[in-house]
Structure formats: C-alpha cells, structure tokens
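Here's the structure, in structure tokens; my notes come after.
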Amino acid sequence: MGKLQSKFRKRSELYRASRGDGPESTFDSQVVQYEPAHQGSINTVTNLSPELCVSGGTDQAVVVYDWKQGRMCQSLQGHNREVTKVLGYPGSTWIFSASRDKTVLMWDLNQGDEPIQEFCGHELVVNGLAISPEGRKLCSGSRDNWMCLWDIESGECEQRHNISRNLVTHVCWVPGSSSIVQTSEDKTIRVWDSRAWQVTNTFPAKQYIQTHCDVSSNGNYLVSSSNGFGGQGCEATLWDLRQPGCKVVEYRGHLQTTACCMFLPTPPGGAARVATSSHDSSVKIWDQNTAVCLGTLTLDGAGPLVSLAPSDPTDPTDLLCASFNSGLHHVQVGQGSSQAHGSGAGSGGTCGLDIKVVARF
C-alpha cells in the first residue's frame, strides 16, 4: 500500500452497513480515495473488462477507468449534454454512450479519443441502449416514445417504432435471442421482436414508473425496478420471461426510488442473487428466488445511487456503484459471520453478507 498512500489520499469514512433487515452496525471503513473519474454527478457505469469500467455523468464526459490501479485511462469528449447511459460490447474495445443531447456515440479505444460513429434521430434524451448478441445492431430508446434499431457499421437507422406514452427508461437485449426488453415511464414493460420490430408482449402495468431492467445470463428471467417514495412503490420485481407477465417475487425494502437492478454472478455453490440501488443511498443484495434481503450498504451523503455494475461479469465479490454526490464506489461483497441477524440469517443458518466500500474514485 506504500505507493498508493504516497500517490493518493487515504480517508477514513463512516459508512453504515447492515446484514439483512436486522439492526444496523456502524463502523469506520478505510476507503482509498483515488483520482475522481468525473466532475459532478455520475449517471451510469458499466464494466468493459475485469480491470476497466466506463462511466458517464453531468460533466458530459465518457470516462474509461482502471478501477484496480486507481487511475483514469481516457476521458472521451463528444457529447454537449450530460451522458445518461454507457454500454460496452463484451470482448471488444467498443463503447456506446447516450446523452441528453439526443445522440448516441460509438467509440473504439483502439482508435483514439474521437467517436467513430454517431447515431442521430431521436428528439429527446436517449435513456436506453442495447447491442445485439452478434454485435451488428444497436437498439436505442428515448423519452420521445421512439424505439430505434441501427446498423452499427453504417450508422443507418433500419427500424423505428413510436408508441404513445412509451417514455423509455432502459433497454436490454435478451442473451442469445432476437428479443429486446424495455421499461417505460408509462409503468409498462414491453418485449420486442428485433426482426419484425414489433411488440410481442406487454407485461401488466405496475403502479409506478419502471426505472430500469436487467435480463439473467440464461435469458429466463427479467428484473425491473420502480420509482416511489416513503417505501411505497420502491420495489424491484422478478419476472419469468418464459411466461411473459408472470411475476415471480418482489424485492421490498428501499425507502425511495429503486433506480437500478441487476442479476449478480452466482457464487460457486451459492444461490442466485439480485442487487438493487436506490435514491435512499443504499445498495441491497437479495436472494433471487426467496426475495430475502441478504445485506444492505448505506452510503451516507452519497445521494441517489443510480447505477450498478459487476466489476467483472464472472466475479460475485466486487461491484461498482455510481452516485450523485460522491463519485464511483468499489464495493466488496463478502460472507457475513454466523452471528448475523435479521432476514439474512433465516432458517438453515444462512448468514448475511458483509458489504463494504473499499475505494472511491
């Protein structure tokens, strides 16, 4: 740690963490403070490789960061409004970024700091991005009610479809499939066929706006999250995509809007898990099938936590979390002690999880 201590400031910060829904414990956590990735709030983060992440925020920059070494690799400038979503294509050096400037830009880290493709045509902020499994098509969704399908190589818009009140909040491509799932401010989840560019299924409308969604790696399940306040409507919901509209369980416990939800890599021999982050400044990890809250991390003063990503798609122990007020956080997830209380220590002696921040940037 000698080099890190000499190069970067190291701070002791107070975080509140609890296992399950039981009593919270307060502890001093030594958190390494690296060079900040952004100036201002961060709206989105995703992994690019086991060492690199990509983020975007109100400073209009798309930043590539080596979170293991604690150093910024590239700051990509091309948008003239804040960046709303970033997306990488697995196994490549491609990055896609969406913005309030109504555009999507494509970058290649092997081709310098200038975008290599621009996708123009939306009339309002672009909130949803997804890439087809073979890497040839890009789907974008916007608050202008349009869902668009683009040819990545040419930048041409091949398909467009407008649905009244479909203010898109997030888009996911179902792995190994021609299907796309999107959430909307009209409280509805829609499944699209990318070949016919038509909606094939519409889930029963929830009570509140659907803010985000994620699809499991096997393509069988969808998790979506809702806005809300005072604990009402702040849940995430697990759906069975093999039976569209079939609700499996709900994850309840956040006090404000649940802004992000995602499936975590399953630990060896362990149960499948889901992670959520909220405007209440907390991250929660749940047993996917039982909806038991296995652990909670609350970041006092961080403001809304709006985006999560596994730092490595195969590693269940490290997460990246974007915040409005305090940058990006490297979160470590470990097994709790046998003394854990609350819902994380339910029947069968299941322990809660120890969730802590180890670095911030």
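Judged as a side-chain hydrogen bond (donor to acceptor under 3.5 Å, both in side chains), and not counting sequence neighbours, the contacts of Ser132 are Glu134. Evaluation of the side-chain hydrogen bond (donor to acceptor under 3.5 Å, both in side chains) rule for Ser99 yields Asp101 as partners, not counting sequence neighbours. In this structure, Thr200 has no side-chain hydrogen bond (donor to acceptor under 3.5 Å, both in side chains) partners at least two apart in sequence or on a different chain. The ring-ring contact (aromatic ring centres under 6.0 Å, His included) test applied to His79 returns no partner, not counting sequence neighbours.
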Step-by-step side chain to side chain contact (heavy atoms under 4.5 Å, CB included) determination, Val126 to Trp146: CA-CA 10 Å; Val126 182; Trp146 286 95; over 6 Å; no
Apply side chain to side chain contact (heavy atoms under 4.5 Å, CB included) to the pair Val174 and Val181, showing each step before the final yes or no. CA-CA 7 Å; Val174 179; Val181 183; 3.8 Å; yes
Under the criterion side chain to side chain contact (heavy atoms under 4.5 Å, CB included), I'd like the reasoning laid out for Asn220 against Leu241: C-alpha separation, chi angles, the key distance, then a yes or no. CA-CA 5 Å; Asn220 291 339; Leu241 281 176; 6.0 Å; no
Test side chain to side chain contact (heavy atoms under 4.5 Å, CB included) on Thr258 and Ser226; report intermediate values, then the result. CA-CA 6 Å; Thr258 302; Ser226 301; 5.9 Å; no
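Lys206 places no side-chain N or O within donor-acceptor distance of the main-chain N or O of Lys187, the cut-off being under 3.5 Å. When atom types are taken as modelled, the side chain of Ser278 and the backbone of His254 share no donor-acceptor pair closer than 3.5 angstrom. Side-chain atoms of Ser41 do not come within 3.5 Å of backbone N or O of Thr58 as any donor-acceptor pair.
With 3.5 Å as the limit, one finds no donor-acceptor pair spanning the side chains of Gln210 and Ser225. Side chain to side chain, Asp108 and Thr93 meet the donor-acceptor criterion of an N or O pair below 3.5 Å. Side chains of Asp312 and Thr314: a donor-acceptor N/O pair is present below 3.5 angstrom, by distance only. Side-chain atoms of Asn127 and Thr169 form no donor-acceptor pair, as typed in the model, at a separation below 3.5 Å. Residues Ser224 and Thr237 have side chains that never bring a donor and an acceptor to within less than 3.5 angstrom of each other.
The two atoms that bring Ala302 and Ser323 nearest to each other are O-CB, 3.5 Å, heavy atoms only. Counting all heavy atoms, side chain and backbone alike, Ile285 lies closest to Val333 at CD1-CG2, 3.6 Å. The minimum heavy-atom distance linking Ser154 with Gln117 is given by the pair C-NE2, 3.6 Å. In terms of heavy-atom proximity, Gln288 sits nearest to Leu238 at O-CD2, 3.6 Å. Taking every heavy atom of both residues into account, Trp173 and Cys139 meet most closely at CZ3-CB, 4.1 Å.
The stretch residues 92-118 participates, sequence neighbours left out, in these ring pair (Phe, Tyr, Trp, His ring centres under 6.0 Å) pairs: Tyr89-Trp94. The salt bridge (Lys or Arg N to Asp or Glu O under 4.0 Å) contacts involving residues 155-167 comprise Lys137-Glu158, where partners must be two or more places apart or lie in separate chains.
Ser194 is listed as a side-chain neighbour of Ser178, based on a closest heavy-atom distance under 4.5 Å.
Aromatic ring pairs are classed by plane angle as parallel below 30°, tilted from 30° to 60° and perpendicular above 60°; the pair Phe324 and His279 is tilted.
Put simply, CZ on Phe229 and CG on Asp280 are 14.5 Å apart, with the number rounded to the nearest 0.5 Å. Ile116 contributes atom CD1, which lies 5.0 Å from atom CD of Gln111 (distance to the nearest 0.5 angstrom). Taken from CG in Asp214 to CG in Leu264, the straight-line distance is 9.0 Å, to the nearest 0.5 Å.
Close placement of the Phe361 and Tyr65 rings is indicated, their centers lying within 6.0 Å of each other.
Around atom CD of Gln39, no more than 12 heavy atoms belonging to other residues, nucleotides or ligands sit under 6.0 Å away.
Linking ILVMFWY side-chain heavy atoms closer than 4.5 Å, directly or via other members, places Leu124 and Val171 in two distinct hydrophobic clusters.
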